Amino acid sequence: MTKSDLMALQDKYVLGTYAPTLMLVRGQGARAWDVDGKEYIDFTTGISVCSLGHCHPAVTEAIQRQAARLVHVSNLFFNEFQPQLAAAISRHSFDGRVFFGNSGAEANEGLIKFARMHGSKNGRHEIVCMQGSFHGRTLATLAATSRAKYREGFQPDMPGFSFIPFNDVEKLREAVTDKTAAILLEPIQGEGGIYAASHEFLLAARELCDRHGILLMYDEVQSGMGRSGRFFAYQHHAIEPDAMSIAKALGNGYPIGAFIVQRKHEKVLGAGKHASTFGGTPLACAAALAVIETIDRQDLLTNCQEMGEHLRGALVQLASKYPTIKEVRGRGLIVGVEMTVPVADAIKKAAERGLLILNAGDNVFRFLPPLNLTKKDLDEAMSIFDTVLGDL
Ligand code: PLP
């Protein structure tokens with residue numbers, strides 16, 4: 001089929017909730033190719049998903065092997081990989097117990113149900129959320145997402161969510177009432193523009209939760225799995241949550257999400273209280289296990305920290321050349337460049353020149369390259385970005 005045949009099918013049959021521009025057909029490491037054979041450096045990684053790069057051989061091998069052995073059995077049966085993956089997630093975060101689903105929104109739905117169940121014995125059901133947050137597109141996760149635009153037309157919003165300015169300790173203290181069940185936040189806000197939670201804010205949130213017997217919940221869907229240079233972004237602060245959601249890079253592109261709760265909360269969601277048909281299949285868990293083993297074996301956290309420093313260094317240099325750059329922020333390889341102007345056109349121009357990058361809001365470029373990025377690919381990407389900024 002030709003590209004135009006495929007575009008016609010897309011236009012006719014795929015619901016138009018997205019507005020894709022390029023048709024990518026192949027990927028390898030930090031590179032991707034479109035249907036016309038044009039090559040790109042991919043600093044979008046499927047929006048923080050393919051953190052080992054496209055088609056990493058260890059993940060491809062795990063998927064191929066498991067696809068030929070056992071794909072799905074339902075959670076009516078044990079499978080070999082789910083317990084191993086749960087143990088690996090726990091080992092890389094905190095000693096807890098894991099529930100598996102398929103996406104970030106589903107993981108956050110689980111967190112919300114967990115918080116309501118935990119609070120139900122004391123009449124607590126409300127969740128304090130952050131301005132600038134993004135937690136997904138299902139009804140409950142939308143209600144926890146601050147951007148009103150995403151909720152337009154879907155009202156009434158699910159009740160029980162309030163918002164405070166991110167990193168505002170005073171407002172957080174005021175927001176917690178006898179109805180509050182949990183505080184939910186991203187340790188590094190992704191869609192909201194790459195803003196990291198301050199140490200002081202996380203500490204205050206932890207103290208408040210301990211004092212009131214309520215839950216501190218982190219959404220590490222975008223910031224987790226090594227992206228910030230630590231396995232989870234909260235580990236930069238060593239302030240543990242009661243529960244945490246994970247998805248995106250967990251399967252390096254194979255869909256899988258999860259949430260983990262501290263062991264002391266293991267009874268909150270007991271038998272029959274939550275379920276997902278496709279949650280934690282042998283295939284998904286085998287893929288995710290290969291991801292975690294690869295991050296460890298190849299010491300990708302160190303590479304992420306080093307490349308992150310190079311990336312931010314290069315961007316800070318560009319900031320001294322281009323006054324349109326307002327701020328460079330982020331950690332590891334989740335990096336934002338706030339501009340004084342909208343970035344949409346520049347993102348298109350970068351793609352024309354062979355570099356794929358994202359936005360995070362109207363004025364922020366978002367860089368999410370793979371964790372095994374090489375200095376050579378980084379330098380090439382920065383040279384393209386330099387040219388694009390020069391053309392602005
Ligand atoms: N939480 C965060 C922090 C995210 O960035 C996203 C997606 O961008 C989600 C949740 C939703 O994940 P999904 O699109 O897999 O449902």
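Only a predicted model underlies this, so the values are computations on that prediction, with no experimental measurement involved. All residue numbers in this chain count up from 1 along the given sequence. Side chains included, hydrogens not; waters and symmetry mates left out as well; all remaining heavy atoms used. Atoms within a ligand are numbered from 1 in the order they appear, just like the ligands themselves.
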Mind telling me whether H265 and H118 have parallel, tilted or perpendicular rings, with 30° and 60° as the class edges?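 Taking H265 first and then H118, their aromatic rings stand perpendicular (interplane angle over 60°).
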Residue, atom name and distance, where the atom is the protein heavy atom closest to [atom]:
atom                    : value
atom 15 (O) of ligand 1 : G104 N, 2.8 Å
atom 1 (N) of ligand 1  : D219 OD2, 2.7 Å
atom 5 (O) of ligand 1  : Q222 NE2, 2.8 Å

Measuring only between side-chain heavy atoms, which start at C-beta, is [X] closer than 4.5 Å to [Y]?
X    : Y    : value
Y218 : L185 : yes
Q82  : V98  : no
N102 : S276 : yes
Y234 : E240 : yes

Under a 3.5 Å cutoff, is there a donor and acceptor pairing between the side chains of Q305 and T302?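 On atom types as modelled, these side chains do not qualify, holding no pair under 3.5 Å.
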Could you tell me whether the side chains of T180 and H212 share a donor-acceptor contact shorter than 3.5 Å?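 No, no side-chain donor-acceptor contact under 3.5 Å.
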Give the atoms of ligand 1, by number and element, whose distance to some non-hydrogen atom of S103 is under 4.0 Å.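 The atoms of ligand 1 under 4.0 Å from a heavy atom of S103 are 15 (O), 16 (O).
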For ligand 1, which atoms sit closer than 4.0 Å to a heavy atom of E191?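 Every atom of ligand 1 under 4.0 Å from some heavy atom of E191: 8 (O).
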Does any N or O atom in [X] lie less than 3.5 angstrom from one in ligand 1, N or O only?
X    : value
E186 : no
E106 : no
A105 : yes

When you measure from the heavy atoms of N108 to every atom of ligand 1, does any distance fall below 4.0 Å?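 The answer is yes, since N108 has a heavy atom less than 4.0 Å from ligand 1.
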Nearest heavy atom to atom 9 (C) of ligand 1: which of I47, L185, T141, V221 does it belong to?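 Nearest option to atom 9 (C) of ligand 1, by heavy atoms: V221.
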Test of understanding: given a 4.0 Å heavy-atom threshold, classify the contact between K248 and ligand 1 as side chain, backbone, both, or neither.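 The answer is the side chain of K248.
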Under a 3.5 Å distance rule, please check whether R366 uses its side chain to pair with a backbone N or O of I194 as donor and acceptor.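 Checking the backbone N and O of I194 against the side chain of R366, no donor-acceptor pair under 3.5 Å is found.
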Is atom 12 (O) of ligand 1 near the protein, in the sense that some protein heavy atom lies at less than 4.0 Å from it?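 Answer yes: something from the protein, a heavy atom, is under 4.0 Å.
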